[in-house]
Each structure stands twice: as C-alpha cells, then as structure tokens.
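A short write-up of the structure that comes next.
We're numbering straight along the sequence, starting at 1. Counting starts at 1 for both ligands and their atoms, following the listed order.
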Amino acid sequence: MARHRNIRTTQYSDDEYYDDDDDYSNSFEDDCISPSDAIYLINHKSKFDSDQDLTDAKVNSCLQRVTEILGFELAKDVVAGHLINNEFNIDKTVDQIINSKISATKVKDQQPVDGRLSRPPSVVIASSSKNKDNIIVGFGNASISGSKNKNLIATPKQTPFSTPICSPAATPRNRSPQNVRLGSPRVDRKLNSPKSNKVRDNQGLSTSIHKDQLYLIIIGHVDAGKSTLMGHLLYKLGHVQQRTIQKYEHESRKLGKQSFLYAWVLDETAEERNRGITMDVGHLKFETRTKDVTLLDAPGHKDFIPNMITGASQADATMLVVDATKGEFETGFDSGGQTREHALLIRSLGITQLGVAVNKMDTVNWSEERFEEIKTKLGLFLKQAGYKESDVTFVPCSGLSGENLATKANEALLTSWYNGPCLMDVIDSFKPPERAISKPLRLCISDVFKSSGSGFSIVGRIETGQLRVGDKVLVQPQGEVAQIKSEYFFKFITLKKILTTLCSSGIEIDELPQPIGLAGDFISVSLSGYDAQTIYSGCVLCDISLPIPVTSVLEARVVVFNVDFPIVRGHQIVLHYQSSSESAVVSRLLAELNKSTGEVIKKNPRMIKKNTHALIKINLSRPICIEVYSDIRQLGRVMLRSGGTTIAAGLVTKVNFNK
Ligand SMILES: Nc1nc2c(ncn2[C@@H]2O[C@H](COP(=O)(O)OP(=O)(O)OP(=O)(O)O)[C@@H](O)[C@H]2O)c(=O)[nH]1
C-alpha cells in the first residue's frame with residue numbers, strides 16, 4: 001500500500017484505530033495525536049480551552065499530517081489558525097488552506113479578457129471544491145469516466161497515437177491503439193539533487209514552492225554542443241554522479257564517441273548515442289540558486305524541428321548555443337542553418353528571454369575578437385527578429401572543458417578580457433512567468449501510455465487553471481465529459497517534485513502524488529475505465545463550462561520566414577500547435593500587414609513574400625483544439641511548415657466562424 005492514502009475521507013473510530021492490523025493506524029505519524037484522542041479532544045473542547053499547552057500539542061500533532069497532504073509547508077501559526085477554526089479536522093483544514101491559497105492567487109491573476117474566459121472567483125473555487133469529500137491523495141490508478149454529452153461538441157473521428165509527431169508531412173489519421181506506448185509515462189528526470197531545497201514558504205499555492213519554476217529550452221544548430229554543454233553543467237553542479245560519467249566515458253570510448261560523454265547525460269536513447277545527435281526533446285530537472293529549472297534539450301537537426309517546436313511550446317526562456325569555431329558559427333547562422341530558424345521560432349512563440357552561449361571557445365583560443373564578431377552579427381539578427389537587447393545575454397564558454405559554466409571563468413586567456421556572468425548566472429537571472437491559475441482549465445495531453453493491466457496514463461502540462469481529483473472535465477475535441485474518479489488513487493507527478501529516470505545511471509525515481517495540479521505543472525494521471533482509443537496526444541482536458549474551442553478553420557496573423565517561394569492561396573502546409581500537428585491548407589490571403597503597426601497595407605494580396613506580415617485563413621483537415629491568442633496566449637500560437645521547413649509562425653486571431 002502506498003504511503004499516501006485516502007486519509008482525507010477516512011472516518012476514524014476507536015475500533016479502527018486499535019485494530020493492530022489496520023492500516024489506518026499508520027496514517028498518523030509518531031508525533032500526531034491518535035484519531036481517537038483527536039475526536040475525544042474535539043468532543044470535550046470546552047474542558048481544555050484554557051489549556052494553551054494542550055492546544056499547542058494538538059496543533060503540533062496535526063501539523064505534519066497537513067503538511068504531508070498539502071505537499072508544502074506553511075507557517076505554523078497559519079496552519080494553527082486553520083486547524084483551530086476547523087476544530088482540528090484535518091480534511092476541512094486542508095481544503096480551507098487550498099481554497100484560500102487559490103483565491104489569493106486568483107485575485108492577482110484574474111485577467112478578464114472578453115467575458116468568454118472571465119468568470120467570478122466563486123465559480124473557480126466551487127468547481128474545484130465541489131468534490132472535496134472525494135479528494136484522494138495517493139498512488140495507483142485514477143479513472144476518468146466518460147459520459148458522453150452529445151449536446152457538446154461533435155466527436156470527430158480520430159484515433160490515438162502515442163508519440164509527438166516526428167514527420168511533418170503526415171497527419172496521424174490511422175494510428176492504431178497498439179501505438180499507445182507501453183510502460184511508464186515519459187516523465188522528466190531529476191538527477192541527484194545535492195542541494196535540493198525542500199523548504200516551502202507561505203506565500204500561496206502557486207508561489208508556495210520556495211524556488212520559482214522555470215522551463216528552459218536549449219536550442220541551436222546541429223552539433224553546436226548543446227547536450228555537451230548542459231550535460232557538463234549538470235555534472236559540475238553535482239547532479240550527475242562521477243561514476244555515471246565514468247561509465248559514459250567508458251562506453252562512449254568503446255563506440256569511438258568519447259567526445260560525446262557529457263552529451264549522453266541528455267541523449268538517452270541508443271539511437272541518439274550511436275548517431276551522436278539529439279532526436280527527441282530531453283527533459284531534465286536541476287536547481288539554481290533561485291530556480292527549479294526544467295531543462296528541455298531540443299534537437300538541432302532540421303529533421304527534428306517539429307520535436308523542437310513541441311519543446312519550445314513549453315518553454316519560458318531559451319538558451320541559444322552557437323559554435324564559436326571558425327566556419328562553424330557561419331554554417332549554423334547562414335541560411336540553411338538552424339541558428340536563425342530556431343531563434344525566430346522561439347521568438348514567434350512569444351519567448352523573449354534569451355541567453356546565447358558562445359560555445360567551443362577553446363577552439364578559437366578564447367579569442368575576444370571572435371566573441372565580439374559573433375555577438376555583433378547575431379545581436380543584429382536577434383534585434384531584427386524582435387528580441388530586446390536588454391533581454392539577451394551573451395556568454396563565452398566551453399561545454400567540453402567546462403569553462404564558465406557553473407562558476408566564473410578560470411581560464412587566464414578568457415579572464416584577461418571577460419568578467420561577465422557564467423552560464424549558471426544567466427539561467428538564474430531568467431524570470432519565470434506568472435502562471436494563469438484563475439483561467440479555465442486547459443490540460444494539453446502530450447502523451448498517452450498504456451500501463452500494466454487495463455489502465456493507461458496521460459501526460460501533459462496544465463497550461464491554465466487547476467485540476468483536482470473528483471473534478472469533472474471535458475475532453476476535447478471529443479466533447480465528452482469525464483471525471484477523475486474518487487474511488488481510485490490519483491497519481492500526480494509534478495515537475496516541482498520530480499520524477500523518474502534511468503536506474504542504470506544511478507538516478508532516483510521520485511514520484512510524488514499531489515492533491516491539486518496548477519497551471520505550469522507537468523503532470524501524469526493514471527487512467528482506467530476510460531476508452532484509451534478515444535484519447536490521444538493533442539486532446540485537451542478542459543473546463544466544462546468554458547471549453548477550449550474546437551475548429552477546423554482559423555485565422556492567424558503570421559510572420560513569413562525567409563522562404564524560397566511566396567505563400568499563395570491553396571498552399572499545402574502542416575500546422576504545428578502545442579505538441580500536435582495537422583495537415584492544412586492556406587485557404588485565403590486576407591491582408592498584408594504593416595510589420596510594426598499591424599495596419600492593413602493591402603487587402604486580398606495574390607501572394608505573401610518572405611519576411612512579411614499577413615493575415616491568413618487556414619482550413620484544417622480535421623478539427624483541432626486551439627485558442628485565440630488574446631484569450632489564452634499559450635494555446636494561440638501556431639507554426640506553419642511546408643516541404644520540411646518552417647515557412648511562418650503566427651498568432652491565432654479568430655476561431656469561431658459561426659458567431
Ligand atoms: N572542442 C569542443 N568541442 C565541443 C564542445 N562542446 C561540444 N563539443 C563537441 O561537439 C560535438 C557535438 O556535441 P553535442 O553536445 O552532441 O552537440 P548538440 O548540439 O547537442 O548536437 P544535436 O543535439 O545533435 O544538435 C561533440 O563531439 C562534442 O564533444 C566544446 O566546448 N569544445
């Protein structure tokens with residue numbers, strides 16, 4: 001039996017408590033009063049009211065239990081207040097704390113946009129607390145049961161698929177159930193955490209974690225040294241054991257790829273290691289002085305740009321890695337290289353904070369001249385791409401030698417002219433965005449996994465809103481109402497707590513359940529009792545009363561990249577959004593727009609040339625879940641690809657053509 005049980009719904013009685021074999025007795029820790037004592041004390045409250053010591057003892061005894069259920073610490077006097085208010089009822093106390101934190105956060109976060117998304121605070125609280133009697137904390141299977149609601153959105157014919165799309169050309173129409181992955185969800189790895197900080201503050205639920213949560217994507221041209229840089233940084237921070245590195249050194253030497261030893265920390269599959277390239281987005285978790293950072297190591301190779309887009313859609317800040325080696329920077333930067341494309345993609349997705357690691361400085365003898373040359377060329381391009389100079393920081397470093405990564409540079413040739421921040425300082429200086437907890441629930445499913453037995457799990461990020469066990473949600477685009485069933489245990493894995501990884505590399509598994517998931521959390525939910533065939537990557541769990549729009553037609557304001565051929569009406573494209581993609585066609589060119597003001601320059605142009613802004617209409621081959629950017633930014637961004645290259649990026653301006 002898991003440590004985390006249905007404590008909050010348990011009605012204790014003396015009989016249960018005194019039964020030696022009864023698991024309930026284990027639910028209370030050593031320093032907690034027994035349930036029978038608690039009940040007795042509550043029933044005889046008046047007798048002991050004057051006894052401050054006794055009250056303290058009761059608070060102390062319940063404090064740990066409350067903290068365990070919440071998953072974070074609050075100041076003792078805050079918990080004491082709630083406990084006394086609720087007559088030491090742990091269940092009510094926890095609910096009250098959670099609800100008070102949500103409403104506190106919500107006031108700050110409330111952003112009425114157009115009425116469609118705004119709603120009174122009471123609705124938010126009610127929706128999350130209406131099933132409070134059923135809230136369960138623990139491991140095991142949870143179930144979303146589907147009761148079809150035909151009055152909602154018609155169910156498009158779709159079949160499940162398992163992996164993020166790799167092929168830009170294909171629409172995954174005929175994926176079979178067998179494609180659902182077997183085994184554990186691909187969740188994120190946390191390496192050894194020597195400085196893991198378990199302290200929590202009392203600033204509210206979304207901000208209660210002592211360290212801010214930041215999703216950082218590493219981008220750059222193929223072989224710029226992204227994986228090596230981050231692998232070595234993690235090693236320097238003590239997140240990778242020395243024996244693991246020794247093992248990688250030994251094994252990579254056997255393959256004749258010793259220079260990739262640090263890259264292996266992030267490139268985990270045999271194919272990636274054999275080919276020496278990153279293919280899928282690797283996730284790792286580490287801590288800086290002020291942040292819990294989730295690292296998204298994106299593939300540099302152009303064949304895997306769709307995977308990179310998937311990673312980018314989750315990121316808050318970016319580290320662009322360029323190779324300082326003579327000729328190599330130029331290859332990556334010139335047209336055909338991925339430096340520009342990646343930087344543009346990231347900016348188009350609304351990510352503004354950028355660090356530029358000028359890597360492999362050892363190959364140019366730590367030359368200041370070379371660093372400045374790269375800074376000038378790239379800086380100019382980044383400015384044109386819409387990055388503010390103040391949001392971009394250049395750092396000279398070497399992923400291979402480890403120079404200027406976790407600590408300030410030692411290399412005399414570098415320190416003779418450089419006194420700026422090291423890579424770690426730059427990462428630490430990124431600002432995490434505010435999480436939109438008060439907006440309607442949007443959980444974007446990025447993966448579906450078949451677990452042992454009949455159940456399956458979904459993995460995804462809560463982009464906005466919140467989710468609790470017992471909540472009813474709408475699965476879009478199916479339009480089916482589902483519920484996180486209370487009689488099952490709910491497995492909530494958040495990146496705040498973290499996760500699983502390769503046992504072979506000495507990395508620990510640390511999956512912790514949470515009673516509530518909030519915007520920004522990447523979670524895994526074990527499901528059973530719901531048809532796995534109808535759920536797939538790209539589906540969205542959302543608020544029943546304010547569902548995400550489902551549409552097969554949309555309008556978007558796009559920036560056309562440096563394309564060889566102009567975009568014309570009837571242009572076949574693949575539309576990328578979140579972790580999904582869909583084949584589509586540009587059905588109308590509505591207007592060419594002024595780059596800076598957005599004013600219409602020309603209505604109904606015949607074509608849209610490179611580097612222009614335009615308003616276009618797109619018809620998709622089947623309905624997708626998407627938002628207007630001004631409603632929910634995270635879900636209103638799209639990428640247009642054609643012939644294996646990204647031709648434009650844009651923001652959705654209209655989705656509902658019936659109104
Ligand atoms: N001299 C030198 N070589 C480096 C440095 N960093 C990485 N390399 C080498 O560059 C090669 C590519 O490194 P990776 O870390 O795999 O590059 P990557 O950018 O992650 O590659 P993809 O993910 O496939 O795009 C490897 O041989 C590394 O050893 C560095 O600072 N100096």
Checklist entry - Is there at least one pair of N or O atoms, one from T363 and one from ligand 1, spaced under 3.5 Å apart? => result no
Checklist entry - Can you find a non-hydrogen atom of G220 under 4.0 Å from ligand 1? => result no
Item to check | Heteroatom distance test (L229, ligand 1): nitrogen or oxygen, under 3.5 angstrom | outcome: no
Checklist outcome for this item: Under 4.0 Å from one or more heavy atoms of S398, ligand 1 contributes atoms 30 (C), 31 (O), 32 (N)
Checklist entry - When you measure from atom 1 (N) of ligand 1 to each heavy atom in I219, D362, L405, T228, which option holds the nearest one? => result D362
Item to check | Among T325, N359, D223, V222, closest by any non-hydrogen atom to atom 6 (N) of ligand 1 | outcome: N359
Next on the checklist: For a quick check under 3.5 Å, do E582 and S621 share a side-chain donor-acceptor pair by atom type?
Outcome noted: yes
Checklist entry - Has ligand 1 got any nitrogen or oxygen that is less than 3.5 angstrom from a nitrogen or oxygen of A224? => result yes
Next on the checklist: side chain to side chain contact (heavy atoms under 4.5 Å, CB included) for H221 and T331? Distances and angles first, verdict last.
Outcome noted: CA-CA 9 Å; H221 187 66; T331 308; 4.2 Å; yes
Checklist entry - Has ligand 1 got any nitrogen or oxygen that is less than 3.5 angstrom from a nitrogen or oxygen of L400? => result yes
Checklist outcome for this item: By side chain to side chain contact (heavy atoms under 4.5 Å, CB included), T407 pairs with (sequence neighbours left out) none
Next on the checklist: So, using side chain to side chain contact (heavy atoms under 4.5 Å, CB included) as the criterion, who are the partners of T612 when residues are at least two apart?
Outcome noted: V560, E592, I608
Item to check | R347 with D391: basic N within carboxylate O range, under 4.0 Å | outcome: no
Next on the checklist: Counting neighbours of CZ on R633 that are heavy atoms of other residues, nucleotides or ligands and sit closer than 6.0 Å, is the number greater than 12?
Outcome noted: no
